2 protein chains.
Amino acid sequence: MPFFTISTFNANSVRSRLQILERWLIKNPVDVLCLQETKVSDDQFPASAFDSWGYHVFFRGRKAYAGVAIACQGEPNEIIYGFPDGKDGKDDDRLMIARFDDLWVINTYVPQGKSIDHPDYRYKKDFFRRFLDLLESEFKADDKIIWVGDMNVAPEEKDVTKPETKRNHVCFHEEIRDIFDTVKSWGFVDVFRKHHPEEGQYTFWDYRVKNALERNIGWRVDHILATPSVADRSVDCYIDREPRSWEKPSDHTFLVGIFDL
Amino acid sequence: MPFFTISTFNANSVRSRLQILERWLIKNPVDVLCLQETKVSDDQFPASAFDSWGYHVFFRGRKAYAGVAIACQGEPNEIIYGFPDGKDGKDDDRLMIARFDDLWVINTYVPQGKSIDHPDYRYKKDFFRRFLDLLESEFKADDKIIWVGDMNVAPEEKDVTKPETKRNHVCFHEEIRDIFDTVKSWGFVDVFRKHHPEEGQYTFWDYRVKNALERNIGWRVDHILATPSVADRSVDCYIDREPRSWEKPSDHTFLVGIFDL
DNA sequence: GGAACAATTG
DNA sequence: CAATTGTTCC
């Protein structure tokens, strides 16, 4: 049986990233690709492009902000959008779940939060708390779950450049790292870190920082996590920096996980 | 001695058209290429692209509107920008003249005019009257002159689709056709019409008309005219429709004139 | 429809 | 820097 491969990519507009996506998928066929920040309403989603590349695609989005999608070569058994708590109904484009037999794939685009004193940061913390509620009410830690996405949290000092300058940042503040850690403690292993303990392994390089990629000034905010039964079977997990250097790049790049399920 | 080849092309932003220009010039090297609607200020003009294609380039423009350029493989003896009347100084990016020994090349981007009752239409008519003044004061009809550009006039019924629906259009109104005809009567031959009397020969297809090119719903508003001594030596003059079908096209295409000078 | 502009966001 | 939503122009 071949390996199960999964990737996560914050596209920063899926319509602006079709060339990148096509080029990457040709070289890197995966079973499942999870996208964030598709920034497109469902009626405008470029589904036919994914069709032509041989992928089914499921998506939930609105114009200009957020939006998630899952593209996959096999048929999922079910797709679930948003939190079951259904609170304000605005998060159905930030969280989606696909089931492939007994394997659950959860794709999240966690709110960034703007600044510590901004209401959006409150909302970010709530997002993680509601996500933990979801785990506790709907799953067990011995279920087979892969949780991927842009979590907008750099968990450790080595996951950012100059951590001392970022203590007050919504993606690195001690409080949000603690909250993310609490969610992980429910039962997730950081699959990337299992294979790559090195520092300076980033998935996001700000467009505004010049030569950010060459200077490697970035953040590790995109993650692949898995429950132990799945994580135990991970073969590799790596960041493909290359697409960040291609024409018309996203500010994020692809993170890939390979599992011997 | 090889033929003298000249082309005119409304680029609708020269910076957005570099790929089209490169691709076309590789297949169609010309002695002189006249551009209109470059839509770029002089400090932003992509001169190095023309350099790399083996052309000298001269230009006068402002941001967002109008702008003309002449690219040529040989060195011109002189370049003149704007009307000598210098009125309001705003037309120096709508008219330029290059001299190659005893051959004058005049490149114009005639104002479109918006609508018959708009002040811009008055300005369009003035443009032609001032152009006639220029001819009368600076040239003789036995000079060797090639006048090219986007004239924003379709001279005859056969130069538009459904002429009966366009009688009130600023590019087809009887008044503007009469004015254009008066200017031509100073001493120009329509070189394209000398070789191609057929109807439905267009140089412009509106982006907003869907499948305009396939349905051939367009306008012949770009022209190559010449004084008799030059026109007598024209070998061919044709519209190259192909670039209108390429990726990221202008709404106009290239008109080419070949002369045995 | 596709260029440009300006303003806003991350 | 590169997306977005608007507007205007042809």
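Protein chains get the first letters and strands the later ones, always in sequence-line order, with residue 1 at the start of each. Please read all numbers here as calculations on a predicted model, not as lab measurements.
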For this session: List in numerical order all residues of residues 150-172 of chain B for which some heavy atom is under 4.0 Å away from an atom belonging to DNA chain C.
Result: none

For this session: Treat primed atoms plus P, OP1 and OP2 as sugar-phosphate and everything else as base, then score nucleotides 1-10 of chain C 5' to 3': B for base contact with protein heavy atoms under 4.0 Å, S for sugar-phosphate contact only, - for none.
Result: BSSSSS---B

Exercise. Which residues pass the side chain to side chain donor-acceptor pair (under 3.5 Å) test with A:E175, sequence neighbours left out?
Worked result: A:Y121, A:K125

Seminar exercise, completed: Residue set satisfying side chain to side chain contact (heavy atoms under 4.5 Å, CB included) with B:K27, at least two apart, ordered chain then number -> B:E242

For this session: Nearest whole angstrom, please: distance from the P of D:dT4 to the CD of A:Q44.
Result: 11 Å

Problem set entry | Separation of D:dA2 C1' from A:F204 CZ (nearest whole Å) | 12 Å

Exercise. Listed by chain and number, what are the salt bridge (Lys or Arg N to Asp or Glu O under 4.0 Å) partners of B:R17, not counting sequence neighbours?
Worked result: none

Exercise. When the aromatic ring centroids of A:W147 and A:F131 are compared, is their separation below 6.0 Å?
Worked result: yes

Exercise. Considering residues at least two apart in sequence or located in another chain, which fulfil the side chain to side chain donor-acceptor pair (under 3.5 Å) criterion with B:S16?
Worked result: B:S13

Problem set entry | For atom CD1 of A:I217 and atom C1' of D:dC1, their distance in whole Å | 15 Å

Problem set entry | Set of ring-ring contact (aromatic ring centres under 6.0 Å, His included) partners for A:H169, sequence neighbours left out | A:W219

Exercise. Which residues pass the side chain to side chain donor-acceptor pair (under 3.5 Å) test with A:T182, sequence neighbours left out?
Worked result: none

Problem set entry | Qualifying residues under side chain to side chain donor-acceptor pair (under 3.5 Å), relative to A:Y55, sequence neighbours excluded | none

